[in-house]
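First comes the structure, then the notes that go with it.
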Amino acid sequence: MSFISSLPSSNAMTDEEFRLFKTLVYDECGIHLKPEKKDFMQNRVNQRMRATGIKSYYRYYKLITGDGADFKAELLALLDALTINETSFYRNKPQLDLFQNIALPELLHRKRAKNDFSLKIWSAGCSMGQEPYTIAMILNDVMTDIKGWKVSILASDLSLTVLEAAQQGIYPKEKMDGIDENSARKYFVEKDGNFQVKEDLKRLITFDFHNLMYDNGFSNIDVVFCRNVLIYFDMQTQKEVIERFHQCLAPKGYLFLGHTETLQGVNDNFVFIHKDRGTVYQKK
Ligand SMILES: C[S@@+](CC[C@H](N)C(=O)[O-])C[C@H]1O[C@@H](n2cnc3c(N)ncnc32)[C@H](O)[C@@H]1O
């Protein structure tokens, strides 16, 4: 029996309670939950209520909107529980081919000509780390002179749970789809049936908490990957987030979005580039 159907009816979330939580979640992290997501919300709020020993929605809402010592931590735990963290290595391969074969060579060429050997890449909404580790593997494969560069991959997420997993960099075999044997040997150590990212690759990446609703002071970023995150935001929030990306990108910097995400009607300060089913936006 599912948890929802085993709930006493008195514990079902009312429309008004749903509206309160939905508004709070939207204000805090931009995630826009439609009415059909009420069961999902109820389920996740109930999870957190069980963890905190609170029995009423009202009291739980008071806790996460109050000014008690634990309110921020509990609010973060609820937001964490509401995030969708699906990801994989080499997700959207045609787009990563475009990164590897077109955007990256153009960027490196431009930087070498200026004697600028620094490279800053941001994986925004990095989930369990497969995206930043994929980027690091591509850089390592392509840049034969990588040791002469100052490479930083900033990987951020709202969910502390996924950030911790990303930082550990340990993946079961079934999550290794997309990685060929060569790369598995080169970049991972096999341990008790799992695969652990080698330190050489890990040290290129800094994992950190960041809520995309806020500016983080980043500047001169060469490439932003923010894939499969905007889909959870409404148009207004997308506009604000994209404007912040535009500001933190270096001139001619690249922005990679998920394959269902578009800047059409959101921001026209980027040039759209597509090749062989891969797409990217470049700052004008
Ligand atoms: C579906 S995953 C995408 C992971 C990866 N970018 C990919 O394409 O495989 C979306 C991630 O965005 C994060 N996220 C959602 N809202 C966020 C926000 N306001 N700030 C930062 N990260 C957020 C979620 O925690 C989740 O890990």
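Remember, it's 1-based here, ligands and their atoms both numbered in the order they're listed.
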Subject >> Worked check of side chain to side chain contact (heavy atoms under 4.5 Å, CB included) between T65 and L75 >> reply: CA-CA 8 Å; T65 53; L75 176 60; over 6 Å; no
Original post:
With distance as the sole criterion, is a donor-acceptor pair present between the side chains of R227 and Q95 under 3.5 Å?
Top reply: yes
**OP:** Sorted by first residue and then second, give each ring pair (Phe, Tyr, Trp, His ring centres under 6.0 Å) pair with at least one member in residues 61-81; sequence neighbours left out.
**Re:** F21-Y61
**OP:** Rounded to the nearest 0.5 Å, what's the gap from OH on Y281 to CZ on F245? Could you check?
**Re:** 13.5 Å
Subject >> Sequence-distant partners of F256, ring-ring contact (aromatic ring centres under 6.0 Å, His included), two or more places apart >> reply: F99, F225
**OP:** Not counting sequence neighbours, which residues clear salt bridge (Lys or Arg N to Asp or Glu O under 4.0 Å) with D222? List them please.
**Re:** K111
Between ligand 1 and the protein, find all N/O pairs closer than 3.5 Å and give the distance for each.
residue, atom, partner, partner atom, Å
ligand 1, 6 (N), G125, O, 2.8
ligand 1, 6 (N), E131, OE2, 3.2
ligand 1, 6 (N), R227, O, 2.9
ligand 1, 8 (O), R91, NH1, 3.2
ligand 1, 8 (O), R227, O, 3.0
ligand 1, 8 (O), N228, ND2, 2.8
ligand 1, 9 (O), T87, OG1, 2.6
ligand 1, 9 (O), R91, NH1, 2.9
ligand 1, 19 (N), C29, O, 2.9
ligand 1, 19 (N), N211, OD1, 3.1
ligand 1, 20 (N), L212, N, 2.9
ligand 1, 22 (N), L158, N, 3.4
ligand 1, 25 (O), N85, ND2, 3.4
ligand 1, 25 (O), D157, OD1, 2.6
ligand 1, 27 (O), N85, ND2, 3.0
ligand 1, 27 (O), D157, OD1, 3.4
ligand 1, 27 (O), D157, OD2, 2.7

